[in-house]
Amino acid sequence: MAETARAGDDLPRVGKARMEKLAALRERGVAAFAYSFDVTRHAAPSVADFEEREGEGGGRTGAGGAGGTRDGDEAGAEAEGGGQTTRGRWAGRMVGFRSHGKSAFADLEDHTGRVQVYFRRNVLGDDAYSLLELLDLGDWIGVEGSLFRTRMGQVTVLAEEFELLSKSLRPLPLGKVEVDAETGERVTHAGFADRESRYRQRYADLAVNPDVRRVFRTRTRIVTAIRSFLDDLGFVEVETPVLQPLYGGASARPFVTHHLALDRVLYLRIADELYLKRLIVGGMDRVYEISKDFRNEGIDRFHNPEFTMLEFYQAFADYEDMMELVERLVVAVAEAAGGSRGCTFQGAEIAFERPFARVSFVESLGEAMEGDPLDVPEDELRARVEERGAGDLAGAGRGKLLDKLFGELVQPSLVQPTFVVDYPKELSPLAKEKRGAPRLTERFELFVAGEELANAFSELNDPIAQRARFEDQAALRAAGDAEAQVVDEDYIRALEYGLPPTGGVGIGVDRLVMLLTDQASIRDVILFPTLREGE
RNA sequence: GAGCCGGUAGCUCAGUUGGCAGAGCAACGGACUUUUAAUCCGUAGGUCCUGGGUUCGAUUCCCAGCCGGCUCACCA
């Protein structure tokens, strides 16, 4: 193909040397890009299995700490099935190579970790052994051989055969890894650290930073735990439209797109809420969706324009029921992620012990501002927000002002899991009025480490009241609040058919993952975060 | 959007009070049959982010821009 001539042009010089090796391989009739390899063993579990077998056999014991190859994604990777011999076929990426002339050691890394491979010329034969000269760090190789323990005590595969599975033409920014013999801690020397490069080339980041792989593996475990928790309770997972004729369910600016054949504007969803409640109207009485939502807002370490949202709705339940459900969900997920009911986030010890603390929005804010938030005139509210330096208040109504004050005065102190309950009505256009307190709604948010994790309410199911709330939002919109919600006539029609009493919850999955994996930036829990256009 | 910090070899970084650009690792050549940050000898490698300006001379100083990080604003 024509690309062959150009393939190396943008490679660094190091890569050009690899192009020459590729040509040399071709000359020797060696396929540099194989089709498959029959893998029977994996790095970490095969080593663990070998050590266990030694223990049983009364052979050498206590030498297990000598190595340091077991630095994989899963420290205690599952043992490989019984009945294994020491023989097998391993495949992985070559991440270390130490040649000694007529023999050589390589470190082979697969998804479970690393295993050392030992090549000897008198085992492999001159031909095969000389092929090693054409390998590079980053190459994928397959090895057949058997496990033994080296003089230094390292469990190692003695290679009887090996083959190149895929040639790496571009050098990976592999850092050298040192394992402290006493603590067993891995120290990476001069690894791949530049954040911009890591985000833009996540494939390289993942390839060389096992810790990054571990975070994303945990992310998957968290999502799996959410699904099984809800599935077990009879919730049905559904898919609702990403492309919507009207957007709603949250206060945010949308991405706008255009459908050519229909010649009409469509919006990328900012929330799933209104569609999921339509399903409750339809009689699907427990539904959930885990999906990407899109908000056309700023980017910072807590916000990415596309992010993952979990929403679930349960008929015949109110927000008290949902609080209990959220507690159970969060505890279950934390256990799945970290094996315990706690975590450390940026130095703060978080304990997920039920019941979580509860504070009232109005009372906690009232204490902080020394006055009843509901009675303070809007002018004064505005002044108090301004004096705290919170900037753009254009179009902000009472609700938004109160929320800003809450964010300034109360939110940072909510480190341990805390439900903030009973939000003012103007802040919650989709929530049901609180029983006995018509200026409030039956709504709660869950805060952990000062960040909002969940938002939930007893859903407003009175179509007449809902229309009035939408109209209030429309007024705010007319006054300049670009994030106020729009009237959704079809949604009101659905309510007119009858929405049973329903409790609903939204949880930001990315933030939950940040919390449980102790990552300071949302970019570190999204595989390919949104970046500016760059090289 | 604003402020601060940063962008130098493939990677991690140092440096130049304005005068031929540095280290470690990686790479390349050589030695080495139990090493593991292997070691030893040797070699090569640069758009100092981009574009202007000042200057005999700019990677360095000035201006503008691009990209990233942090903080703020925005984002319940």
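Throughout, a chain's letter reflects where its sequence line sits, starting with A, and its residues are numbered from 1. What you are looking at is a predicted structure, and each value in this text was computed from that prediction instead of being measured.
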*Asks:* Could you tell me the separation between the CD1 atom of A:Ile299 and the C1' atom of B:U71, rounded to a whole number of Å?
*Replies:*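 After rounding, the gap between these two atoms is 17 Å.
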
*Asks:* Which nucleotide in the list B:G10, B:C70, B:A27 gets nearest to the side chain of A:Lys21?
*Replies:*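 Taking heavy atoms from C-beta onward, the closest nucleotide is B:A27.
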
*Asks:* Whether A:Glu483 and A:Arg477 form a salt bridge (side-chain N of Lys/Arg under 4.0 Å from carboxylate O of Asp/Glu) is what I want to check.
*Replies:*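 Between A:Glu483 and A:Arg477 there is no salt bridge, as every charged N stays at least 4.0 Å from the carboxylate O atoms.
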
*Asks:* Quick one: does any side-chain atom of A:Asp110 pair with a main-chain N or O of A:Gly113 as donor and acceptor, under 3.5 Å?
*Replies:*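 At least one qualifying donor-acceptor pair exists.
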
*Asks:* When all nucleic acid strands are considered with a 4.0 Å heavy-atom cut-off, which category describes A:Asp300: base, sugar-phosphate, or nothing?
*Replies:*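 Touches a base.
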
*Asks:* Given B:A27, B:G68, B:A73, which nucleotide is nearest the side-chain atoms of A:Arg532?
*Replies:*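 Among B:A27, B:G68, B:A73, the one nearest the side chain of A:Arg532 is B:G68.
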
*Asks:* Under 3.5 Å for both donor-acceptor distances, Watson-Crick or wobble: does B:A58 have a partner, and if so which one?
*Replies:*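 The base-pairing partner of B:A58, which may sit in any strand shown, does not exist here.
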
*Asks:* What I want to check is whether the side chains of A:Asp272 and A:Ser291 have a donor and an acceptor closer together than 3.5 Å.
*Replies:*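 Judged by distance alone, the side chains do pair up.
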
*Asks:* Is there a donor-acceptor pair under 3.5 Å between the side chain of A:Asp510 and the backbone N or O of A:Thr308?
*Replies:*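 Present.
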
*Asks:* Pick base, sugar-phosphate or nothing for A:Leu174, based on heavy-atom distances below 4.0 Å to the nucleic acid.
*Replies:*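 No contact at all - A:Leu174 keeps every heavy atom at 4.0 Å or more from the nucleic acid.
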
*Asks:* Report yes if a donor N or O on one partner sits less than 3.5 Å from an acceptor N or O on the other, where the partners are the side chain of A:Gln116 and the base of B:U35; otherwise report no.
*Replies:*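 Per atom types, the contact qualifies.
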
*Asks:* Ignoring the backbone of A:Lys102, work out which of B:U35, B:C74, B:U33 is nearest its side chain.
*Replies:*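 The listed nucleotide nearest to A:Lys102's side chain is B:U33.
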
*Asks:* Measuring only the P atom in each nucleotide, how far is B:C28 from B:U34? A whole number of Å is fine.
*Replies:*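 About 23 Å, rounded to a whole number of Å.
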
*Asks:* Please report the distance, rounded to the nearest Å, between CE in A:Met19 and C1' in B:A27.
*Replies:*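 Answer to the nearest Å: 16 Å.
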
*Asks:* Please say which of A:Phe97, A:Phe119, A:Tyr118 ends up in a ring-ring contact (aromatic ring centres under 6.0 Å, His included) with A:Phe105.
*Replies:*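 Exactly one candidate clears the test, A:Tyr118.
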
*Asks:* Hey, is A:Glu306 close enough to A:Arg295 for a salt bridge, meaning N to O under 4.0 Å?
*Replies:*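 No, A:Glu306 and A:Arg295 are not salt-bridged.
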
*Asks:* For B:C40 versus B:U50, give the span between their C1' atoms, rounded off to a whole number of Å.
*Replies:*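 Their C1' atoms lie roughly 43 Å apart.
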
*Asks:* Could you give the CG-to-P distance, from A:Leu135 to B:A26, as a whole number of Å?
*Replies:*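 Going from A:Leu135 (CG) to B:A26 (P), I get 16 Å.
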
*Asks:* Can you find a donor-acceptor N/O pair under 3.5 angstrom joining the side chain of A:Ser103 to the base of B:U34?
*Replies:*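 Flag unset: no donor-acceptor pair detected.
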
*Asks:* Please tell me if A:Arg301 has a side-chain N or O lying less than 4.0 Å from either OP1 or OP2 of B:U71.
*Replies:*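 Yes, A:Arg301 has a side-chain N/O under 4.0 Å of OP1/OP2 on B:U71.
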
*Asks:* Tell me if the centroids of the rings in A:Phe361 and A:Phe406 come within less than 6.0 Å of each other.
*Replies:*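 Yes, ring centres under 6.0 Å apart.
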
*Asks:* Report which part of the nucleic acid A:Asp194 touches: base, sugar-phosphate, or nothing (heavy-atom distance under 4.0 Å, all strands).
*Replies:*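 Since only primed, P, OP1 and OP2 atoms lie under 4.0 Å of A:Asp194, the category is sugar-phosphate.
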
*Asks:* In whole angstrom, what separates A:Phe105's CZ from B:A37's P?
*Replies:*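 Roughly 12 Å, once rounded to whole Å.
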
*Asks:* Give a yes/no on whether any side-chain N or O of A:Lys176 is located under 4.0 angstrom from OP1 or OP2 of B:A26.
*Replies:*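 Answer is yes, contact under 4.0 Å.
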
*Asks:* When you check the gap from the basic side-chain N to the acidic O, do A:Asp375 and A:Arg439 get nearer than 4.0 Å?
*Replies:*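 Salt bridge: yes.
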
*Asks:* Let's see if you can work this out: which of B:C28, B:A76, B:U12 has an atom nearest to the side-chain heavy atoms of A:Gln485?
*Replies:*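 Selected nucleotide (nearest to the side chain): B:A76.
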
*Asks:* Heavy atoms only, 4.0 Å cut-off, all strands: where does A:Tyr129 land among base, sugar-phosphate and nothing?
*Replies:*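 Nothing: the residue A:Tyr129, judged by heavy atoms under 4.0 Å, touches no strand.
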
*Asks:* Picking from B:U12, B:A73, B:G68, which would you name as closest to the side chain of A:Arg200?
*Replies:*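 Among the listed nucleotides, the one closest to the side chain of A:Arg200 is B:G68.
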
*Asks:* Counting side-chain heavy atoms from C-beta on, which of B:G69, B:A76, B:U34 comes nearest to A:Arg523?
*Replies:*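 For the A:Arg523 side chain, the nearest candidate turns out to be B:G69.
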
*Asks:* Say we look at B:A73 and B:C61: how far apart would their P atoms be, to the nearest angstrom?
*Replies:*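 B:A73 and B:C61 have their P atoms separated by 32 Å.
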
*Asks:* Counting side-chain heavy atoms from C-beta on, which of B:U33, B:C28, B:U12 comes nearest to A:Ala17?
*Replies:*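 The answer is B:C28, which lies nearest to the side chain.
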
*Asks:* For B:A31, what is the paired nucleotide under Watson-Crick or G-U wobble rules, both distances under 3.5 Å?
*Replies:*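 Paired with B:A31, as far as the under-3.5 Å criterion goes, is B:U39.
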
*Asks:* Taking atom CD of A:Glu320 as the centre, does the number of heavy atoms from other residues, nucleotides or ligands within less than 6.0 Å exceed 12?
*Replies:*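 More than 12 within 6.0 Å, yes.
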
*Asks:* Looking only at atom C1', what distance separates B:G68 and B:A31, rounded to whole Å?
*Replies:*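 Each nucleotide's C1' atom is 45 Å from the other's.
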
*Asks:* Contact class for A:Ala250 (heavy atom, under 4.0 Å): base, sugar-phosphate, or nothing?
*Replies:*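 Here A:Ala250 touches the bases of the nucleic acid.
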
*Asks:* For nucleotides B:U59 and B:C49, find the distance between their P atoms and express it as a whole number of Å.
*Replies:*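 Roughly 10 Å separates the two P atoms.
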
*Asks:* Whom does B:U17 pair with, Watson-Crick or G-U wobble, provided both distances fall under 3.5 Å?
*Replies:*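 The answer is none; no pair meets the criterion.
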
*Asks:* Taking atom C1' in both B:A14 and B:A23, compute the distance separating them and give it to the nearest angstrom.
*Replies:*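 After rounding to an integer number of Å, I get 7 Å for this pair.
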
*Asks:* Separation of A:Asp524 atom CG from B:C70 atom C1', in whole Å?
*Replies:*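 Those two atoms, CG and C1', are 14 Å apart.
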
*Asks:* CZ of A:Phe419 versus P of B:A76: gap in Å, rounded?
*Replies:*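 Value for this atom pair: 21 Å.
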
*Asks:* Sort out the partner of B:G6 for me: Watson-Crick or G-U wobble, both distances under 3.5 Å, none otherwise.
*Replies:*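 Base partner found: B:C67.
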
*Asks:* Base, sugar-phosphate, or nothing: which does A:Gly191 touch, judged by heavy atoms less than 4.0 Å apart?
*Replies:*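 Here A:Gly191 touches the backbone only, sparing every base.
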
*Asks:* Answer yes or no: side-chain N or O of A:Arg151 and base N or O of B:U34 forming a donor-acceptor pair under 3.5 Å.
*Replies:*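 Per atom types, no contact qualifies.
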
*Asks:* Tell me which of A:Phe302 and A:Ser99 sits closer to the 5' end of RNA chain B, going by the nucleotide each one is nearest to.
*Replies:*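 Per heavy-atom nearest nucleotide, the more 5' residue is A:Ser99.
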
*Asks:* Using whole Å, report how far CG of A:Leu137 lies from P of B:C28.
*Replies:*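 Going from CG in A:Leu137 over to P in B:C28 covers 9 Å.
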
*Asks:* Only pairs with both distances under 3.5 Å count, Watson-Crick or wobble alike; so what is the partner of B:C48 in this structure?
*Replies:*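 Its partner is none (no Watson-Crick or G-U wobble pair with both distances under 3.5 Å).
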
*Asks:* Out of B:C28, B:G10, B:U35, which has the shortest distance to the side chain of A:Thr150?
*Replies:*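 Among B:C28, B:G10, B:U35, the one nearest the side chain of A:Thr150 is B:U35.
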
*Asks:* B:U33 base to A:Arg121 side chain: any donor-acceptor pair below 3.5 Å?
*Replies:*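 No.
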
*Asks:* Indicate, yes or no, whether a donor-acceptor pair under 3.5 Å links the base of B:A76 to the side chain of A:Arg443.
*Replies:*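 Under the 3.5 Å cut-off, the side chain and the base do form a donor-acceptor pair.
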
*Asks:* Suppose we define a pair by two distances each less than 3.5 Å, Watson-Crick or G-U wobble; what does B:A73 pair with here?
*Replies:*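 B:A73 is unpaired by these criteria.
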
*Asks:* Counting side-chain heavy atoms from C-beta on, which of B:A26, B:U34, B:C11 comes nearest to A:Met152?
*Replies:*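 From the listed options, B:U34 comes nearest.
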
*Asks:* Kindly say whether the aromatic ring centers of A:Phe457 and A:Tyr319 come within a distance under 6.0 Å.
*Replies:*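 Between A:Tyr319 and A:Phe457, which both carry aromatic rings, the centre distance is not below 6.0 Å.
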
*Asks:* As a test of reading the structure: which of B:U36, B:A76, B:A38 is closest to the side chain of A:Gln154, going by heavy atoms?
*Replies:*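 Nearest listed nucleotide: B:U36.
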
*Asks:* Determine the Euclidean distance between corresponding C1' atoms of B:A26 and B:G46; express it in Å to zero decimal places.
*Replies:*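 One C1' to the other, the span is 16 Å.
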
*Asks:* Rounding to an integer number of angstrom, what distance separates B:U12 and B:G1 when you compare their P atoms?
*Replies:*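 Result for the P pair: 28 Å, nearest Å.
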
*Asks:* Does A:Lys16 have a side-chain nitrogen or oxygen under 4.0 Å from the phosphate oxygens OP1 or OP2 of B:G10?
*Replies:*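 A:Lys16 to B:G10 OP1/OP2: no side-chain N or O under 4.0 Å.
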
*Asks:* If you compare every side-chain N and O of A:Arg98 against the phosphate oxygens of B:A38 (OP1, OP2), does one of them come in below 4.0 Å?
*Replies:*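 Yes, A:Arg98 has a side-chain N/O under 4.0 Å of OP1/OP2 on B:A38.
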
*Asks:* Rounded off to whole Å, could you give me the CG-to-P distance for the A:Leu453 and B:A76 pair?
*Replies:*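 So the CG-P distance, A:Leu453 to B:A76, works out to 16 Å.
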
